[in-house]
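Some notes on the structure that comes next.
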Amino acid sequence: MKSIYLLTIALCIVIGCKTSYQTTQKSISVNTGEENIANGKRITAMMCGPCHYDLSSKTYSGGIMHDVPKVLGKIVARNITQDTIIGVGKYTEAELWHLLKTGVSKDGRFIGFMLRPNIADSDLNDIIAFLKSNDSEVKATSINHGKSDLSLIGNMALSKGKPVPASNEIILKPGNQNKVELGRYLVDNLGCFDCHSKSFANLDKVNPEKSKGFMGGGNKMRTMDGSTILSSNLTFHETGMKGYSLKEFSSTLREGINKNNQIIRYPMRMYVELTDQECEAIYEYLKQIPAINNKVERS
Amino acid sequence: MKIIVLILMLMIGAFSFSDDDKKEEKKQVEKGARLFKKYGCTSCHGLAGKGLGNLQKAYLKYSDQQLIDYIKNPTSFNNPKMPRYERVIAQQDMQPIIYYVKHLGKSAEVKPK
């Protein structure tokens, strides 16, 4: 009797832990003009580059994620060049679209950290246009950094969450004149809140502002020398960014040096691609989100 | 005889001078290792210089002055991904850091004390 009971529970767990999802059979049309590709290159650098760009080869051949907590195991960001075996050369435009909008890969796996449900159609078009372009950064390269080797905790953490249902709803990108909305959009889609909220385990990809400790910092990561580093509190509390001027904030973001003349360390990168309007939009948005009392000591 | 003594004295002087040089270099490398960590270089480059960008070959590609110029303003060397350290690193700390960077290519990393 006990064994039937245990078997039933096991079956429920297995059925509940669905591991394969519907991908897409659609085809879409992507605008691939010069401006689309140029914008796509810029957005890809900011959105995908932190994980997928390899400095040595100057290509999007991926690499080992040195910044993730050790407890998750080894995570490798995939080669997203046009190589058909190691890269994403076999992905159609529609499959790339589907991956970023729903989190479901070409082979039906849910990849939560790829999910960008709120990305504007125009930006997604341009990212795909760039990935499929003749740019040297995405041309086929067979550089292979190996496979991820997740720990049990890593597997549980990364399989948390479910795909977002595919939708035909068109998402428009806020214009420069709509600073707070643009700032909200950038903090979401550039993944700022992924690192600068309380932890990776409590992120809400659909409604980022509902993530635990949204933008209040304290998320534990690692630097290249293996040290633990905590993400900064970017809310405008005294323990966070209160007192930062727009100029100081923009300089920190784009030049990698804060107002105390300290280097902004890995895994934070310099966002040289951000325009003045985008820096201002992020600044104005951060000013009006709830300020969190969280003093993060610089290690 | 006097000549032999003179030659011997010159040889002893040369060895001790070269020994002093090595001690001084070792001191500078150890100081450089501490500064390399203090200024946050290890957070991107790792302790052995093989993190982001491979520093172990840097000394083969650049002279000391070029390395200093690079650190001060990486964009002038076509590297937009590294911060400009010209306002961050004190002038007197530059050379020990260079010693350490060159040392990275020649042997195992020196653990900062």
Check the surroundings of atom [atom1] in [X]: do more than 12 heavy atoms from other residues, nucleotides or ligands lie under 6.0 Å from it?
X: B/Lys27; atom1: NZ; value: no
X: A/Lys220; atom1: NZ; value: no
X: A/Asn260; atom1: CG; value: yes
X: A/Gln277; atom1: CD; value: yes
X: B/Ile3; atom1: CD1; value: no
X: B/Gln66; atom1: CD; value: yes
X: A/Lys132; atom1: NZ; value: yes
X: A/Glu35; atom1: CD; value: no

Does B/His45 offer a backbone N or O that forms a donor-acceptor pair with the side chain of A/Asp225 under 3.5 Å?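 No, because the side chain of A/Asp225 does not come within donor-acceptor range (under 3.5 Å) of the backbone of B/His45.
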Minimum-distance pair of heavy atoms, taken over all atoms of [X] and [Y]:
X: B/Arg87; Y: A/Ile257; answer: NH2-CD1, 4.0 Å
X: B/Ser43; Y: A/Tyr266; answer: O-CB, 3.2 Å
X: A/Met224; Y: B/Cys44; answer: CG-O, 3.1 Å

Toward chain B: residues of residues 43-61 of chain A with heavy atoms under 4.5 Å: A/Tyr53, A/Leu55
Can you tell which of A/Thr223, A/Ile263, A/Val272 has the highest number of heavy-atom pairs within less than 4.5 Å of chain B? A/Ile263
Side chain, backbone, both or neither: which part of A/Arg269 has an atom under 4.5 Å from a heavy atom of chain B?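 Contact with chain B is through the side chain of A/Arg269 alone.
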Checking side chain to side chain contact (heavy atoms under 4.5 Å, CB included) between A/Met270 and each of B/Pro74, B/Pro83, B/Pro80, which is the one that passes?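 Of all the options given, the one that passes is B/Pro83.
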